[in-house]
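These notes concern the structure reproduced below.
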Amino acid sequence: MGPALLGAAVAMAVLFGPEPRIEETVVVLPSADGHIGTVVVEHAGERYVLNRPYATSRSVGEERAKITQLSEPEIRQSFGSTLQFLPARPASFLLYFITGTDELTDESKAELQKVLAELKQRPVPDIAVIGHTDSVGEREANDRLSAQRAERMKGFLVGIGIPASRIEVAGRGQRELLVPTEENVDEPRNRRVEINVR
Amino acid sequence: MRWIIAAGLLCFASVSVANDVGQIKVMTGTVHVERDGKRFPAQVGMAVRQSDSLITGVDGTAGITFTDNSLLSVGPNSTLAIDHYAFDSTTHAGQFDASLKKGSLAVVSGKIVKQSPGAMRVHTPTSIMGVRGTEFAVKVSEGGN
């Protein structure tokens, strides 16, 4: 076969030979809290609702999808390294303060160590630290105190090596009471800092 | 002059820009980001934008956290395009369209889907997945004939 003929044969094979067909697998997974979501798969003019743990749709080319259920080992085999590299879940922590100060309560001091250990696991965390107060005292003083509480916590985060540029700080004063109260109510659950990380 | 340089440095130093819709949080192996027709090697901490594509090598995986707290991970030998992403952090309204051209993808949906079930869609060569909540995985391969 001359090169021209060979070329023509290859072209024919490309044009008329059987195309490799696309195989697709979609599987619904239970979330960390056990909640099962729903995914609606539209394929070749049909809709398939997957809403049970490990419910799976499998399709080849434009043929109808098959609905099955994969076992956990099958999922690990198919998706192991992909699932392993989901980023850490965004998380939120609350720490509480001694009245009128930026000193953590003894309980929250212990909790802080756990929070720091958790944050250290994340290679590039984005953190928001939001300080709050209860309704005791002047509002302006509470704005300052809430910012001071947040800054103090930021100091701990920088202390374990998190770059300051990755930490946003805000003081909300008494504007977002966790437990709604009248003015001048000493409510320990309102004297807090929220640490949100993702 | 010093101030101009300082201002310039500040621009480069800022961690996130308005166009940034997500960030690569974890990565292994070879991963590239394709943006405006150019290919960059990806690295942990790198921002992801609308219209970016992520391309992983045979040993590559990348996990991305989006501004609405959606989490995506792209497995080895995959191509994922972020076709459209919009998120209003006040109302949580938004729209998220991504295309898995090949390979594998795991998804944990975020605030966009919580606010509007179905507002996230994953497109594959032969299907569209409407996401109404939480976690799932997709694989696309070229099978037999």
- Query: How about B:Asp83 and B:His123: does a side-chain donor come under 3.5 Å of a side-chain acceptor?
  - Reply: no
- Item | Structural part of B:Ile24 lying under 4.5 Å from a heavy atom of chain A | backbone
- Task: Start with the C-alpha distance between A:Glu46 and A:Arg64, add both sets of side-chain angles, then the distance that settles salt bridge (Lys or Arg N to Asp or Glu O under 4.0 Å), and finish with yes or no.
- Result: CA-CA 8 Å; A:Glu46 302 269 352; A:Arg64 269 185 73 93; 3.2 Å; yes
- Query: Less than 4.5 Å apart, any side-chain heavy atom of B:Ile82 and any of B:Phe96?
  - Reply: yes
- Would you call A:Arg152-A:Glu103 a salt bridge at under 4.0 Å N-O? yes
- Message: Nearest 0.5 Å, please: how far is OG1 in A:Thr25 from NZ in B:Lys139?
- Response: 7.5 Å
- Message: Applying the side-chain contact (heavy atoms from CB on, under 4.5 Å) criterion to A:Val41, which one of A:Val28, A:Thr56, A:Val26 satisfies it?
- Response: A:Val26
- Contact winner vs chain A - B:Pro117, B:Ser141, B:Ala137, heavy-atom pairs under 4.5 Å: B:Ala137
- Query: Going by atom types alone, do A:Glu24 and B:Ser127 pair a side-chain donor with an acceptor below 3.5 Å?
  - Reply: yes
- Note on the structure: So, the part of A:Pro125 with a heavy atom under 4.5 Å from chain B: the answer is backbone
- Message: Would you say that B:Leu54 contacts B:Val31 through its side chain, given a criterion of any heavy-atom pair below 4.5 Å between the two side chains?
- Response: yes
- side-chain hydrogen bond (donor to acceptor under 3.5 Å, both in side chains) partner of A:Arg191, the single match among A:Asp102, A:Thr133, A:Thr101, A:Asp186: A:Asp186
- Message: Consider salt bridge (Lys or Arg N to Asp or Glu O under 4.0 Å). Of A:Lys114, A:Arg122, A:Lys120, which one does A:Glu118 pass it with?
- Response: A:Arg122
- Item | Sorted by number, residues from residues 56-75 of chain B in contact with chain A (heavy atoms, under 4.5 Å) | B:Thr61, B:Ala62, B:Gly63, B:Ile64, B:Thr65, B:Phe66, B:Thr67, B:Asn69, B:Leu71, B:Leu72, B:Ser73, B:Val74, B:Gly75
- Query: Based on non-hydrogen pairs under 4.5 Å, which of A:Arg47, A:His43, A:Arg198 is most in contact with chain B?
  - Reply: A:Arg198
- Note on the structure: The interface call for A:Ile75 against chain B, heavy-atom contacts under 4.5 Å, is neither
- Report the option among B:Thr126, B:Val107, B:Leu100 that has the most heavy-atom pairs separated by less than 4.5 Å from atoms of chain A. B:Thr126
- Message: Can you see whether A:His132 engages A:Glu194 through a side-chain donor-acceptor pair at a distance of less than 3.5 angstrom?
- Response: yes
- Message: For residues 77-97 of chain A, give me every residue with a non-hydrogen atom less than 4.5 Å from any non-hydrogen atom of chain B.
- Response: A:Ser78, A:Phe79, A:Ser81, A:Thr82, A:Leu83, A:Phe85, A:Leu86, A:Pro87, A:Ala88, A:Arg89, A:Pro90
- Does the side chain of B:Val21 come within less than 4.5 Å of B:Phe87's, by heavy atoms? no
